[in-house]
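Here is the structure we will look at.
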Amino acid sequence: MAMAVAHHRESSSSGSIDKHLDSGKYVRYTAEQVEALERVYAECPKPSSLRRQQLIRECPILSNIEPKQIKVWFQNRRCREKQRKEASRLQTVNRKLTAMNKLLMEENDRLQKQVSQLVCENGYMRQQLQTTSAATTDASCDSVVTTPQHSMRDANNPAGLLSIAEETLTEFLSKATGTAVDWVQMPGMKPGPDSVGIFAISQSCSGVAARACGLVSLEPTKIAEILKDRPSWFRECRSLEVFTMFPAGNGGTIELVYTQTYAPTTLAPARDFWTLRYTTSLENGSLVVCERSLSGSGSGPNAAAAAQFVRAEMLPSGYLIRPCEGGGSIIHIVDHLNLEAWSVPEVLRPLYESSKVVAQKMTIAALRYIRQIAQETSGEVVYGLGRQPAVLRTFSQRLSRGFNDAVNGFNDDGWTVLNCDGAEDVIIAVNSTKNLSGTSNPASSLTFLGGILCAKASMLLQFDIEYDHRGERHSLIKCEHGDLKWMKSSLIYIELFSDKSFILLCFQNVPPAVLVRFLREHRSEWADFNVDAYAAASLKAGSYAYPGMRPTRFTGSQIIMPLGHTIEHEEMLEVIRLEGHSLAQEDAFASRDIHLLQICSGIDENAVGACSELIFAPIDEMFPDDAPLVPSGFRIIPLDSKPGDKKDATTSNRTLDLTSGLEVGPPTTQGAGDASSSQNTRSVLTIAFQFPFDSNLQDNVAVMARQYVRSVISSVQRVAMAISPGMNPNVGSKLSPGSPEALTLAHWICQSYSYYLGSDLLRSDSLVGDSMLKSLWHHQDAILCCSLKSLPVFIFANQAGLDMLETTLVALQDITLDKIFDESGRKALCADFAKLMQQGYAYLPAGICMSTMGRHVSYEQAIAWKVLAAEDNTVHCLAFSFINWSFV
């Protein structure tokens, strides 16, 4: 009897457990058990075995479940979460593809209409050709009469403005969804599910135009609000003021808007616009914001402020925003401008005549910015170092705006140019009224400073090298009309305004993205750590000092710490830490690290027409959101190639230096099939560096800034030549028309040294073939050659010689022999010159010479000898070797 009762109890207990475990195959959890497991899953989706056992011990309601079953529950839970995310992703992709399919179908309908229109126009033109000239004249007169002229409307009363607004709306819609403009696909921007949108540029229309279509997960009113705030997303927009706003009577509004935009380079004036902006809703629920310039309405609200600008024209442009059924909006963006290219130098006109540049700067930038805001709103953006996305965007905007302010130097911002007579290669401007604070908080402003000093410079790296009838070197520029302009040396001064002169730096065959990437990743190749340290110290109260008073050694290390980036990584915001240590003995172990806030953009080589920038500003290690910023940096804008710009590769690759004969890797040849790679691409480089200064140190800072910018230009020029595919031809290419080949000149230098001094300049095993040229180039002593003229100028220097003079091969021929010696050195050279010409060589005693940066260079001995041309045994030039040189 007792055994039966015990067996019954065991059976009941086993049956109770089986209800939950079901022989280990399935467990039906109660609501309380699921809630307990969900709490643990939220903390740790994949708990360890020990954590699962601890869970069973701590939670009584799970005590009747085996650890293995709990492990299975977590596996199933993770699988369901993965499936849910995948389903959500597929739904998002499906909505995006549906919207993209709708856009493509609309684009297809538009193209079919355009084809039909072209067929009709073709038939009409054929019919016209068969008619009499009188009939043609009548038809043309009729078309002129029916062409609408908005400038004939009265823009001084609401009725006239409403008429212009309605006409603008019609013309804008015909561009956004119709065939008013012949649109072609933007190169390198193919539509797809992962693309930002569909992009097109105009072909053969008046002005420059670009169009974009895309899907954005924001409501139409929010999108319109963002796009109307143009300074927030258009980096070249200096200001936008709404002077008049009144209702249009149909639920819309009409605004009169005055907009100022920055000039991208120092060589061109800025633009402004006086426009009518019309916001209204269509019957299908779409929201439209369209805009066009007003003609015949004077110079806008402030004629004095507009005096520094060239009035540009905005043709009917705007935004068409349609709500989607599943949420979000489909947006059409059209930008159509006439930027008055006549007002800029010939070499810069491609910037103002390129629809691709407008597309990158305005149209694509607008759509990308909206998508960025949408992702930030949905929480998809990861914050950098605890900073909110809005703060990071503000930092980027402040860096870009500060750099644009420095490049343009507007008088109404307080900028004045210091003693610029057109003979300086670096322009110095001063702003004594600039507030360094990013906000209105007076605690973060630096009012004790004397102001901001800006050094900006550019130069022209010649397209081709030619010689005039006197043998003088010139830069040859082929202009649009086919004429040739002679410009002396590599520094070109172009007068634009009565109070300023600017020069332009153009690179051939140097991709802007490649150059900016190099400048970003190899800062030690062009920057001076002591100058960075000075700029950082000048932003701290009580630590202002003239650079050089606390010498610092830069270790060469830089650490890049990302803060954030845009959705397509076209722009990156980062903090740069430069590691340095003081050279003063009393604080030799003290850290002198410098921190920079930096934006880098345009590093994608496939982005057609994109501008590449590297802009930075010194900051504290723990910088607040309203930290003062004094930006400096580089901007490189590609110039569109024009028909006829394609030149012979041999001609375009000529240089006046021996690096044209130095090949680091194996020699390559270029066949006829590679002609496309030899096409010359040009880019405009703008450099601007800003330095805070105290009022009593303005002159000292100006001298330092001018020398430093010259040094940076020289370094960038050297880098551009090194990475340019056209600057590394095969060994044996000519130095210039009429000059000996690089290898031949190297032979002449070495043979003449051996002939006169009785010893070899190079090792005997280096005197064969191309190795002689390379050995001479990498020789430890500074070797320079100068011409035999009434005013000798340098025509060649090896790498050590360029380092000693702190110059480049392109700028070398602008340096005369007498400029590098001090007074005692010139006396010693004059005393031994007769001996040099008589016996062919001379030993010069130890002395001091000067670099182009004004730095003193000491040398233990200098040897001078005549370089003989082997063919006719005539003196070709004089060579100098500076032994054991070093900076003082």
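Side chains included, hydrogens not; waters and symmetry mates left out as well; all remaining heavy atoms used. The residues of the chain are indexed from 1 along the displayed sequence.
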Could you go through the side chain to side chain contact (heavy atoms under 4.5 Å, CB included) check for Ile576 and Ile594 one step at a time? CA-CA 8 Å; Ile576 310 298; Ile594 302 299; over 6 Å; no
Next on the checklist: Assess the residue pair Phe634 and Phe689 against the criterion (ring-ring contact (aromatic ring centres under 6.0 Å, His included)); give the C-alpha distance rounded to whole Å, side-chain angles, the decisive distance to 0.1 Å, and a yes or no.
Outcome noted: CA-CA 9 Å; Phe634 308 86; Phe689 283 80; 5.8 Å; yes
- Query: Between Cys849 and Met804, does a side chain to side chain contact (heavy atoms under 4.5 Å, CB included) hold up when you go through it step by step?
  - Reply: CA-CA 9 Å; Cys849 63; Met804 185 185 76; 4.2 Å; yes
CA sep, side-chain torsions, deciding dist, call: Val716, Leu685, side chain to side chain contact (heavy atoms under 4.5 Å, CB included)
CA-CA 10 Å; Val716 172; Leu685 170 65; 3.7 Å; yes
Side chain to side chain contact (heavy atoms under 4.5 Å, CB included) between Ile820 and Met850, worked out = CA-CA 5 Å; Ile820 72 167; Met850 300 284 290; 5.7 Å; no
Show the numbers, then the answer: is there a side chain to side chain donor-acceptor pair (under 3.5 Å) between Ser343 and Arg271? CA-CA 10 Å; Ser343 63; Arg271 265 56 181 163; 2.5 Å; yes
Review point. Hey, mind stepping through Tyr258 and Gln260 against side chain to side chain donor-acceptor pair (under 3.5 Å) and telling me if it holds?
Key: CA-CA 7 Å; Tyr258 178 64; Gln260 293 180 349; 3.2 Å; yes
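With contacts defined as side-chain heavy-atom distances shorter than 4.5 Å, the pair Thr261/Phe309 does not qualify. Between Leu805 and Leu784 the shortest side-chain heavy-atom distance falls below 4.5 Å. Contact of the Gln308 side chain with the Asp412 side chain is registered, since non-hydrogen atoms from C-beta on lie closer than 4.5 Å. No side-chain heavy atom of Thr416 sits under 4.5 Å from any side-chain heavy atom of Asn411. Contact annotation: the side chain of Glu574 approaches that of Arg520 to within less than 4.5 Å [non-hydrogen atoms, C-beta and beyond]. Contact annotation: the side chain of Leu817 never approaches that of Val793 to less than 4.5 Å [non-hydrogen atoms, C-beta and beyond]. Taking 4.5 Å as the limit, some side-chain heavy atom of Phe691 sits within range of a side-chain heavy atom of Val531. A heavy-atom distance below 4.5 Å is not found between the side chains of Thr259 and Asp272.
Between Ile783 and Ser881, the shortest heavy-atom contact is CG1-OG, 4.2 Å. The two residues Ser683 and Ile636 make their nearest non-hydrogen contact at CB-CG2, 3.7 Å. Between Ala828 and Leu844, the shortest heavy-atom distance links the atoms O-CD2, 4.2 Å. Taking every heavy atom of both residues into account, Arg635 and Ala263 meet most closely at NH1-O, 4.3 Å. In plain terms, the two heavy atoms of Thr265 and Leu351 that are nearest each other are CG2-CD1, 4.5 Å. A pairwise comparison of heavy atoms in Phe529 and Leu578 identifies CE1-CB, 3.7 Å as the closest pair.
Judged by distance alone, with hydrogens and angles left aside, the side-chain atoms of Asp532 form no donor-acceptor pair with the main-chain N or O of Pro618 at under 3.5 Å. No donor-acceptor pair closer than 3.5 Å links the side chain of Asp620 to the backbone N or O of Met622. Here the side chain of Ser632 pairs a donor or acceptor atom with the backbone of Gln690 at under 3.5 angstrom. No side-chain donor-acceptor contact under 3.5 Å links Arg577 to the backbone of Ile559. A donor-acceptor pair under 3.5 Å is formed between the side chain of Ser715 and the backbone N or O of Ser711. The backbone N or O of Leu697 lies less than 3.5 Å from no partner atom in the side chain of Asp694, so there is not a single donor-acceptor pair. Judged by distance alone, the side chain of Lys456 and the main-chain N or O of Ile428 form no donor-acceptor pair under 3.5 Å. Between the side chain of Arg238 and the backbone N or O of Tyr262 there is no donor-acceptor pair closer than 3.5 Å. Looking only at distances, no side-chain donor or acceptor of Ser612 sits under 3.5 Å from a matching main-chain atom of Val516.
Glu571 and Arg235 are joined by a salt bridge, as a carboxylate oxygen and a charged side-chain nitrogen come within less than 4.0 angstrom of each other. With respect to the salt-bridge test (charged N to carboxylate O, under 4.0 angstrom), the residues Asp818 and Arg826 do not qualify. Using a cutoff of 4.0 Å between basic side-chain nitrogens and carboxylate oxygens, Glu236 and Lys361 are scored as salt-bridged.
The CD1 atom of Ile452 lies 11.5 Å from the CG atom of Asp405; values are rounded to the nearest 0.5 Å. Going from atom OG of Ser601 over to atom CD1 of Ile615 covers 6.5 Å, rounded to the nearest 0.5 Å. Atoms CD1 and NE2, on Ile619 and His595 in that order, are 7.5 Å from each other to the nearest 0.5 Å. Separating the OG atom in Ser851 from the CH2 atom in Trp885 is a distance of 9.5 Å, to the nearest 0.5 Å. In this structure, CZ in Phe794 is found 10.0 Å from CG in Leu878, a value given to the nearest 0.5 Å. The line from SG of Cys237 to CG of Asn404 is 10.5 Å long, rounded to the nearest 0.5 Å.
In His856, the NE2 atom is not crowded: 12 or fewer heavy atoms of neighbouring residues, nucleotides or ligands sit closer than 6.0 Å. Within a 6.0 Å sphere centred on CZ of Phe887, heavy atoms belonging to other residues, nucleotides or ligands number more than 12.
Between Phe882 and Tyr859, the two ring planes are perpendicular [angle over 60°; tilted spans 30° to 60°].
For Trp526 and Phe518, the distance between ring centers is not under 6.0 angstrom. Aromatic pair Phe395/Phe623: ring centres closer than 6.0 Å.
Taking the ring axis of Phe616 as reference, the NZ or CZ atom of Arg523 stays within 45° of it and closer than 6.0 Å to the ring centre.
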